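Here is the structure we will look at.
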Amino acid sequence: MADLRRFVIWGSAGHAKVLADLLSLKGGEVIALFDSKRVEPAIAKVPLFVGEAGFLEWLRGVRDVGSIGGLVAIGGHHGRDRIGIQGLMQRNGLALPNIVHPQASVAATASLGAGTQVLAQAVVAADAQVGNACILNHKASVDHECTVGHGVHIAPGATLCGCVTVGDYVLVGAGAVVLPRLTIGADALIGAGAVVTRDVPAGARVMGNPARPSSRS
Ligand SMILES: CC(C)(COP(=O)(O)OP(=O)(O)OC[C@H]1O[C@@H](n2cnc3c(N)ncnc32)[C@H](O)[C@@H]1OP(=O)(O)O)[C@@H](O)C(=O)NCCC(=O)NCCS
């Protein structure tokens with residue numbers, strides 16, 4: 001985000017506040033918020049526009065759209081929504097920076113996709129590859145040589161040990177641990193605090209220590 005100073009955020013709830021704080025630390029400012037519903041603006045004095053129609057209305061009044069960064073503040077197990085909204089922003093010319101908190105650590109040999117957010121005290125270790133529109137939340141740890149797909153959320157304090165592979169749209173819940181070299185299939189949900197000791201199939205929901213399928217899997 002080196003050259004970007006102005007940002008818009010889609011999603012007007014708590015995560016938008018976290019991103020606004022991060023942006024302010026880097027000299028950036030939020031100039032507009034979007035949400036699918038009419039809600040309170042999460043950031044004081046920032047105008048809120050509702051839905052795609054609201055986004056397009058805002059866009060009509062903007063010059064030099066390529067100098068504005070777009071970020072998506074939708075957490076939880078909603079990686080598909082993040083990817084979809086990033087697509088809308090990209091088609092309309094916004095920049096899609098990744099954003100790294102000054103107190104996060106990203107190895108020089110790691111890679112981050114477009115729109116990926118690395119929050120305070122998160123770690124991305126050597127040779128890790130992280131896709132687009134991911135959230136590596138506070139204190140999340142993605143260890144060496146992990147491969148993380150698109151639209152993945154590694155929740156606060158969760159740990160991927162080395163060489164873990166995570167498919168698209170997965171949520172690894174807060175404080176969960178995934179042991180080395182395992183594979184988590186696309187769309188899976190790892191419950192908060194789980195210790196994952198075996199591969200998790202696509203779409204599965206697991207929880208507990210050791211992690212086992214939950215009844216809704
Ligand atoms: C696993 C999870 C998806 C289950 O959600 P749910 O289906 O709505 O579950 P419920 O809250 O109805 O609980 C069902 C049962 O599972 C238990 N349970 C819920 N989450 C659990 C977890 N993470 N680990 C162990 N047990 C859990 C509940 O205590 C309850 O047990 P009971 O039937 O004996 O009372 C959810 O609790 C979770 O961990 N989500 C991840 C949240 C997260 O980290 N988000 C990121 C925020 S930034």
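What you see is a predicted model, and the numbers here were worked out from it, not measured in a lab. Numbering of ligands and ligand atoms starts at 1, following listing order. Residue indices begin at 1 and follow the sequence shown.
Contact annotation: for Ala192 versus ligand 1, heavy atoms closer than 4.0 Å belong to both the backbone and the side chain.
A donor atom on one side chain and an acceptor atom on the other are found under 3.5 Å apart for His15 and Gln117.
Linking ILVMFWY residues whenever their side-chain heavy atoms come closer than 4.5 Å, directly or via other members, places Ile99 and Leu33 in the same cluster. Both Val30 and Leu119 are part of a single hydrophobic cluster, where members link through side-chain heavy atoms under 4.5 Å apart.
With atom 18 (N) of ligand 1 as the reference point, the heavy atom nearest to it among His15, His138, Met207 is part of Met207.
Look at Arg205 and you'll find a heavy atom under 4.0 Å from some atom of ligand 1.
When each atom of ligand 1 is checked for a heavy atom of Pro156 under 4.0 Å away, the hits are 48 (S). Short contacts between ligand 1 and Ala174, defined as distances under 4.0 Å to a heavy atom of the residue, involve ligand atoms 43 (C), 44 (O). For ligand 1, the atoms closer than 4.0 angstrom to any heavy atom of Ala155 are 46 (C).
When all heavy atoms of Val170 and His77 are compared, the closest pair comes out as C-CD2, 4.2 Å.
The main-chain N or O of Val39 is never found under 3.5 Å from a side-chain atom of Ser12 such that the two would form a donor-acceptor pair.
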